[in-house]
2 protein chains.
Amino acid sequence: MDGIDKVILGELVRDGRVSFRDLAERVRLSPTATAERVRKLQESGVISGFRAEVDMTALGRPLKAFIDVRLRPGPDHAELEAALLTLPAVLSGVHVTGRWDYTLTVACRDVAELDELVMALPRSYGVVETNTRLLLRELAGSGAEAVTRLLG
Amino acid sequence: MDGIDKVILGELVRDGRVSFRDLAERVRLSPTATAERVRKLQESGVISGFRAEVDMTALGRPLKAFIDVRLRPGPDHAELEAALLTLPAVLSGVHVTGRWDYTLTVACRDVAELDELVMALPRSYGVVETNTRLLLRELAGSGAEAVTRLLG
DNA sequence: CCTGAAACGTTGGATAA
DNA sequence: TTATCCAACGTTTCAGG
């Protein structure tokens, strides 16, 4: 990971579909050498994948929320986790320390759907308590800019 | 957004660098028609971008945490927000409802760096209270799978 | 939405630093 | 080892239907 790799990484976070030719021009290397560096970044796990970023609002799911959940004690957390991830509107989930066991990120069509989801949780998934926080705004610069900054 | 667009979206979330030729084969369309659909998905905002996904652990920042913060009242939240996003280790931030104003996601080199960050917050950024939760595990299937599921 | 052809981008082998 | 050049090959884009 030298300075050139850092520039490559920054560019690929900004535009994951940039051609090796343009990337090479940016770092003043040949396309071949550039492609090889990208391959190694993937092989070493620094780049874990390339993804299209989907706007949930444009897909009719403008209401995002964090749902913190606490599960009933027991040895069946693996099954409960899997069940949580199949719920409608659930985008992702994280096991965290503290008062809550998990924080789910959800994207709902409207408040009715969110209400339904929050009401359904304690009924069927071993959830004993929830706390819902609406996402009002994602701060600008989240994501691409952050990686560039962390790389120095 | 017909069924073909949904398949295209799913494939592009799985592999953002797949060629139009392979994508076309998958949906049994010509590469030209496929590329045109992708272009329209971008133009309509459904696809907001293509990004390389970076593994913070492979970059020497294995310790992820949510830091919930409450800011002092005042009209200067815009500046404070900008300042928060320039902090070392901060990946992203979200303005949320509830007891806390923001939830920051951070990736630290070690607990010492996390401690330093949490101690620094109330000193210089208008932060009056924080709550830190370590990310123990991101549940499998977060991301790509979720989009496919939400598309039906 | 398709075809076909031109423009463009990627890959691999030989080679040099 | 790491990068380069160049030519073969694959991919994307554009015009015309």
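Here is how names work: the chains are called A, B, and so on, in the same order as the sequence lines, proteins then strands, and each is numbered from 1.
Thr103(B) contributes no side-chain N or O that, together with a main-chain N or O of Val94(B), makes up a donor-acceptor pair within less than 3.5 Å. Between the side chain of Arg61(B) and the main chain of Ala107(B), a donor-acceptor pair closer than 3.5 Å is present.
Taking side-chain N and O atoms only, Arg37(A) has no distance below 4.0 Å to OP1 or OP2 of dT2(D).
Between Arg17(A) and Thr34(A), it is Thr34(A) whose nearest contact on DNA chain D lies nearer the 5' terminus.
Of the charged side-chain nitrogens involved, none lies within less than 4.0 Å of a carboxylate oxygen, so that Lys40(A) and Glu43(A) do not count as a salt-bridged pair.
Here the side chain of Thr32(B) is nearest to one of dT3(C), dC1(C), dG12(C), namely dT3(C). Side-chain atoms of Pro31(A) lie closest to dT11(C) of the nucleotides dT11(C), dT2(D), dC14(D). Listed nucleotides: dT13(D), dT4(D), dC2(C). Nearest to the side chain of Ala35(B): dT13(D).
Residue Ile67(A) is tested with Val90(A), Asn131(A), Leu114(A) for a side-chain contact (heavy atoms from CB on, under 4.5 Å); the sole match is Leu114(A).
Atom CD of Glu36(B) has more than 12 heavy atoms from other residues, nucleotides or ligands within 6.0 Å.
In terms of heavy atoms, Leu71(A) sits closest to Tyr125(A) at CD2-O, 4.0 Å.
Of the residues in residues 19-29 of chain B, those placing a heavy atom less than 4.0 Å from an atom of DNA chain D are Ser19(B), Phe20(B), Arg21(B), in numerical order.
Residue-level contact check: Arg39(B) touches neither bases nor backbone, having no heavy atom under 4.0 Å from any strand.
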